Amino acid sequence: MRLRNAAIAAASAVTLVLAVPGSANASFGEFRYTYRDAGGERTGRLVGPPSGACVNLAEATREEPARAPKNRTGATATVFPGPDCVGDGSYVLRPGFVAPEGSAVRSVVFS
């Protein structure tokens with residue numbers, strides 16, 4: 001009986017260790033922004049974006065950056081006007097916050 005309990009405890013511990021890091025690597029929720037293409041203004045979304053990794057917004061270009069980011073995730077989003085999470089003018093959006101009107105964004109990192 002002790003061997004069985006020990007095996008169950010060990011299996012439970014392994015399952016817990018494997019499950020926790022996966023949930024810590026992504027932000028839950030959605031990060032929204034608007035962008036323009038040949039068809040007009042569109043809404044872009046990052047669903048469950050990764051934490052700690054820079055995300056370049058694919059639709060954002062030098063000529064037409066994305067605009068009006070809305071952080072509907074559970075993480076803090078640091079938004080950058082340039083690609084690769086660099087450039088002057090970055091700002092922080094706490095969960096549930098919307099950027100000021102006209103804010104340009106090309107990349108974002110979640111923490």
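All of these numbers come straight from a predicted model, not from anything done at the bench.
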>> Using side chain to side chain contact (heavy atoms under 4.5 Å, CB included), reason through R72 and V98 one step at a time and then give a plain yes or no.
In response: CA-CA 9 Å; R72 304 292 185 228; V98 177; 3.8 Å; yes
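- No side-chain donor-acceptor contact under 3.5 Å links D37 to the backbone of E41.
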> Given T73 and F110, is the side chain to side chain contact (heavy atoms under 4.5 Å, CB included) satisfied, shown in steps?
Replying inline: CA-CA 9 Å; T73 72; F110 297 88; 4.0 Å; yes
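- The minimum heavy-atom distance linking F80 with V109 is given by the pair CE1-CG1, 3.9 Å.
- Of the inter-residue distances, the one linking Y35 atom OH with R67 atom CZ reads 15.0 Å to the nearest 0.5 angstrom.
- Not a single donor-acceptor pair under 3.5 Å links the side chain of R94 to the backbone N or O of T76.
- P95 approaches A75 most closely through the heavy-atom pair CG-O, 3.5 Å.
- Residue V55 is grouped with residue F97 when hydrophobic side chains (ILVMFWY) are merged at heavy-atom distances under 4.5 angstrom, including chains of intermediate members.
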>> Pair E30, V47 - check side chain to side chain contact (heavy atoms under 4.5 Å, CB included), show working.
In response: CA-CA 5 Å; E30 187 174 77; V47 179; 3.7 Å; yes
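- In summary, of the residues considered (D84, T78, N56), a side chain to side chain contact (heavy atoms under 4.5 Å, CB included) with S107 occurs for N56 alone.
- Between the side chain of R45 and the backbone N or O of R32, no donor-acceptor pair lies under 3.5 Å.
- L93 and F28 fall into different hydrophobic clusters, where Ile, Leu, Val, Met, Phe, Trp and Tyr are joined by side-chain heavy atoms under 4.5 Å apart, directly or via other members.
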> Do F31 and V108 pass the side chain to side chain contact (heavy atoms under 4.5 Å, CB included) test, and can you show the C-alpha distance, the side-chain angles, and the key distance before you say yes or no?
Replying inline: CA-CA 10 Å; F31 181 82; V108 60; 4.2 Å; yes
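- Scanning both residues, P81 and S90, for their nearest heavy atoms gives CD-N, 4.0 Å.
- In this structure, A60 and A66 approach most closely via the heavy-atom pair CB-N, 3.6 Å.
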